[in-house]
Structure formats: structure tokens, C-alpha cells
Engineer: 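Following this message is one structure expressed as C-alpha cells.
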Amino acid sequence: MLQPIIAGVIGALTGFASSFALVIAGLVAVGASPAEAASGLLILCVAQALLAGLLSWRFRQPLSFAWSTPGAAVLVAAQGVTDDYGAAIGAFLVCGVLLTITGLWPALGRAMTRIPMPIAGAMLAGILVPICIAPVTALVEQPLLAAPVVVVWLVLLRFAPRWAVPAAMLVAIIGIVATGADAVADAPLAPVVTLTPPAFDAAVIVSLGVPLFIVTMAGQNVPGFAVLSTLGYRDVPARAILASSGAATVVAAPFGGFALNLAAITAALMGGPDAHPDPAKRWVAPVAGGATYVLLGLTAGAATALVTAAPPILIIAVAGLALFSALASGLVAAFEAPDTRVVAAVTLVVVASGVVVAGIGSAFWGLVAGAIVMLVTRRRAS
């Protein structure tokens with residue numbers, strides 16, 4: 001049983017190191033204080049550990065869960081839409097309810113999988129483009145800090161791709177500590193769970209909650225199911241996974257847990273042959289990974305102190321390096337079909353513009369623009 005335990009630990013370390021900074025930056029972008037951001041990171045770690053442990057044990061399958069990394073990018077992109085953290089919490093709750101309904105109501109689940117891929121892929125890509133530009137900006141604004149991060153990422157991308165982003169994050173941490181040691185030392189390092197009452201603002205729900213739900217489904221859950229299918233798991237309990245992760249999001253939301261979903265990248269690490277030659281024994285890996293996430297969650301205070309002490313562009317730059325593969329996947333999905341490339345281009349440009357109209361952010365307006373162009377061009381074709 002040692003092999004799946006090792007796989008679980010490696011998967012958790014990789015997943016946490018690759019995107020914890022984006023989670024903190026996203027929560028801060030929608031109005032969270034450092035303490036509230038640390039609470040969100042901790043509760044996400046605990047919630048996904050419980051989901052992975054209980055469902056993997058119940059169904060004897062390697063069902064690993066994660067926070068929504070594209071969802072965290074939505075939070076970063078939503079900066080300026082709201083600085084009322086209570087309103088953001090309300091949007092998180094709506095996202096959780098929608099995820100739960102998707103699991104309980106098969107028709108909604110089918111509808112989500114039928115969102116035109118040019119629109120869904122372009123929306124995801126549009127959200128990620130500004131973040132993926134950050135490494136370039138950081139090289140200009142903070143060359144001494146950013147250059148070693150990018151070089152380490154590039155070298156390991158060639159020789160050890162799995163460790164490229166975690167190693168880049170480690171180099172960034174060394175640079176942050178070296179230049180801002182006093183700020184890190186003076187910050188409270190122990191995470192404290194904070195409860196924030198939700199406020200329901202229609203504009204914030206439309207510009208944050210709905211896009212968060214869509215990218216969590218299209219960018220995480222759907223690929224997660226595809227990974228499990230590729231690994232040979234044909235009887236995956238989709239309804240239980242969606243309903244449970246949605247319910248967990250609802251419970252975690254007041255503490256900062258913005259979205260939980262089936263893992264995609266770490267699913268391959270914990271559910272593949274590297275976890276164990278016998279598929280029936282791979283379910284142990286997500287359980288071990290969940291236990292590791294709980295331990296990592298206890299460092300949320302220190303992680304938040306590091307992120308808040310760093311130049312903001314450096315943190316977003318590391319996140320950008322982690323999201324290049326997701327950006328590439330979104331672009332491929334968006335522009336694969338020649339006859340809908342204009343639809344994808346319009347959606348991407350509107351989302352990436354960051355415009356806010358009537359208090360509603362660009363992710364929603366990108367969906368609207370893409371849908372209008374698709375309807376008009378289809379009528380013209382007919």
C-alpha cells in the first residue's frame with residue numbers, strides 16, 4: 001500500500017504548490033482580508049480532503065478533488081467588480097447551489113455539457129489571458145525576482161514538467177523571503193477560520209457566481225470525468241460527485257471556499273498506473289492526498305503572509321506559468337472548428353477586455369456576445 005500513498009502525497013504537494021497563490025490572490029481580489037483569504041485556503045483543503053476520502057472509500061475508485069483553479073482565475077479577473085467580500089460569498093453560495101442542482105437534476109448536467117465549446121473554451125481562455133501575460137510584465141517590472149522564477153520553470157518544463165510550477169513557486173518564495181522577510185515575520189502565520197455572512201447582489205452573482213459555475217464545470221469537472229474515463233473507470237458515480245462537491249461548496253462558501261470540483265490534473269497522478277498497478281487499489285491515493293492537503297491547509301496563514309508580502313505582479317506571474325496549459329486547452333477547444341472561430345474570437349476578446357457594464361463583469365458579457373454572434377452567423381448560414 002506504500003505506492004498509492006506516495007502517489008497521493010506527490011499529487012497533493014503538486015496541486016497545492018501549483019495554485020495556492022492564485023487562490024489567495026483571487027480571494028483578496030474580491031475583498032477578502034489576509035485572514036479571510038487564509039481561512040478560504042484552509043477550508044478548501046479540508047473540504048476536498050473530506051470529499052476525496054469519503055467518496056473514494058465509498059466507491060473504491062480514485063476520486064480526487066480540488067479547488068477550482070479556473071475559478072480562482074475568475075476571482076482575479078473579477079477585481080473591480082466588487083470589493084464587498086460578503087457579496088462574493090453570496091456568489092460562491094450560488095455557484096455551490098448550481099453545482100448541487102447539476103448533480104441532482106440530470107437535465108441541467110446534460111445542458112452544461114452542451115454549452116458550445118467555442119464559447120466555453122474562449123471564455124476560459126479570455127479569463128486566463130491577462131493572468132498568463134503577467135510573467136512577461138513581471139520580467140519588466142521585477143526582473144531580479146521574476147527572471148529566476150521563469151528560468152527554473154522553463155528548465156524543468158523540459159526535464160521534469162510535473163515539478164516545473166512547484167519549483168518556480170519555491171524560487172518565488174525564496175525571493176519573497178529574501179526581500180520582504182520583516183513583513184512575513186510580522187504576519188500571523190496560524191490560519192484562523194473566519195465566517196463571513198453572505199450578501200446577495202444580483203450584479204455580483206451574474207458577473208462572478210455564474211461564470212464561476214461555468215468554468216468549474218467546463219474547466220474542471222468535465223475534464224476530470226474524461227481523465228477517469230481514459231484511465232478505464234467506466235462506472236464513475238457522476239451524480240454523487242457533482243452533488244457532493246456542490247454541497248461541500250455551499251458549506252465551505254461562508255468560510256471562503258469558492259468552488260470545489262473533481263480534480264483533473266491530479267486525477268491522472270492519483271488514478272493512473274503510477275498510483276498502483278491494480279486499479280482496485282488506487283483509491284488509497286486520493287485518501288492519502290486528502291490527508292496531505294489537511295496538513296498543507298495548516299500552513300494557510302504562512303502562505304497568505306508570503307503572498308501578501310510579495311509584489312502582486314510576481315504572484316500573478318507564477319499563477320500565469322501554472323495556467324499556460326489550461327490556456328492552451330481553452331484556445332484549442334475554442335478555435336478547433338473553422339466555422340465558429342469568429343464566435344470564439346469575439347467571446348475571448350470581450351472576456352479578456354475586463355470591461356464592467358452595469359456592475360457586471362466581462363466574463364458574463366463575453367458569454368452574451370459569443371451567443372449573439374453564434375445565433376446571427378447560424379441564421380446567415382441557413
Side-chain angles (χ1 to χ4, degrees), residues 4-5 7-24 26-27 37-59 61-73 75 92-93 95-96 99-100 102-103 166 191 193 212-213 215-217 219-221 223-225 227-228 236-238 240-271 275 282-300 303 322:
I5 292 175
V9 171
I10 292 174
L13 289 172
T14 303
F16 184 90
S18 298
S19 56
F20 79 87
L22 184 64
V23 170
I24 295 168
L27 291 170
S39 172
L41 181 60
L42 172 60
I43 202 69
L44 285 167
C45 288
V46 173
Q48 66 191 45
L50 290 174
L51 285 170
L54 292 174
L55 293 182
S56 295
W57 173 78
R58 167 65 179 81
F59 295 102
Q61 293 183 10
L63 305 177
S64 53
F65 290 80
W67 55 65
S68 174
T69 300
L75 303 188
F92 301 168
L93 280 168
C95 174
L99 289 170
T100 305
T102 303
V193 176
L212 183 59
F213 165 64
V215 300
T216 297
M217 282 297 302
Q220 290 280 155
N221 280 325
F225 286 120
V227 168
L228 289 172
V236 176
I241 288 170
L242 292 173
S244 298
S245 60
T249 299
V250 171
V251 173
F255 306 98
F258 55 89
L260 291 152
N261 47 249
L262 189 65
I265 297 174
T266 52
L269 297 175
M270 299 186 193
R282 294 174 190 168
W283 67 271
V284 176
V287 176
T292 305
Y293 263 112
V294 172
L295 295 176
L296 291 169
L298 298 177
T299 70

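For the single chain, residues carry numbers from 1 onward in sequence order. Small disclaimer: the values here were computed from a predicted structure and weren't measured.
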Engineer: Which value, rounded to the nearest 0.5 Å, describes the distance between L99 atom CG and N221 atom CG?
Structural biologist: 6.5 Å
Engineer: Which pairs count as side chain to side chain donor-acceptor pair (under 3.5 Å) when at least one residue sits in residues 61-73, sequence neighbours excluded?
Structural biologist: S19-W67, Q61-D235, S68-T216
Engineer: Under the side chain to side chain contact (heavy atoms under 4.5 Å, CB included) criterion, do F255 and V193 qualify, and how do the steps go?
Structural biologist: CA-CA 7 Å; F255 306 98; V193 176; 3.3 Å; yes
Engineer: Might you point out which heavy atoms bring L42 and G297 nearest each other, and give the distance in Å?
Structural biologist: CD1-O, 3.3 Å
Engineer: Side-chain contact test, heavy atoms from C-beta onward, threshold under 4.5 Å: evaluate it for L44 versus F258 and give yes or no.
Structural biologist: yes
Engineer: In Å, rounded to the nearest 0.5 Å, how long is the span from CD1 of I5 to CD1 of I10?
Structural biologist: 12.0 Å
Engineer: Rounded to the nearest 0.5 Å, what separates atom CG in L63 from atom CG in L55?
Structural biologist: 6.0 Å
Engineer: Can you find a pair of side-chain heavy atoms, one from L22 and one from L75, that are under 4.5 Å apart?
Structural biologist: no
Engineer: Say you draw a straight line from CE of M270 to OG of S56; how long is it, rounded to the nearest 0.5 Å?
Structural biologist: 9.0 Å
Engineer: Would you check if L262 and L228 make a side-chain contact, meaning some heavy-atom pair closer than 4.5 Å?
Structural biologist: yes
Engineer: Taking C-beta and beyond as the side chain, do F16 and C45 meet within less than 4.5 Å on heavy atoms?
Structural biologist: yes
Engineer: Nearest heavy-atom pair of A12 and L296: which atoms, and what distance?
Structural biologist: O-CD1, 3.9 Å
Engineer: Decide yes or no on side chain to side chain contact (heavy atoms under 4.5 Å, CB included) for V251 and I43, but give the supporting numbers first.
Structural biologist: CA-CA 10 Å; V251 173; I43 202 69; over 6 Å; no
Engineer: For a quick test of reading the model, state the closest non-hydrogen atom pair linking G256 to L27 and the distance between them.
Structural biologist: O-CD2, 3.6 Å
Engineer: Quick one: closest heavy-atom pair of L93 and P254, and the distance?
Structural biologist: CD2-CD, 4.3 Å
Engineer: For a quick test of reading the model, state the closest non-hydrogen atom pair linking G219 to P70 and the distance between them.
Structural biologist: O-CG, 4.3 Å
Engineer: Output the distance between atom OG1 (T102) and atom CG (L242), rounded to the nearest 0.5 Å.
Structural biologist: 6.5 Å
Engineer: Between I241 and F225, is any pair of side-chain heavy atoms under 4.5 Å apart?
Structural biologist: yes
Engineer: Given 3.5 Å as the limit, does a donor-acceptor pair link the side chain of R282 with the main chain of A275, or not?
Structural biologist: no
Engineer: For the atom pair CG (L212) and CZ (F92), what is the distance rounded to the nearest 0.5 Å?
Structural biologist: 7.0 Å
Engineer: I need the minimum non-hydrogen distance between A52 and P286, along with the two atoms involved.
Structural biologist: CB-O, 3.7 Å
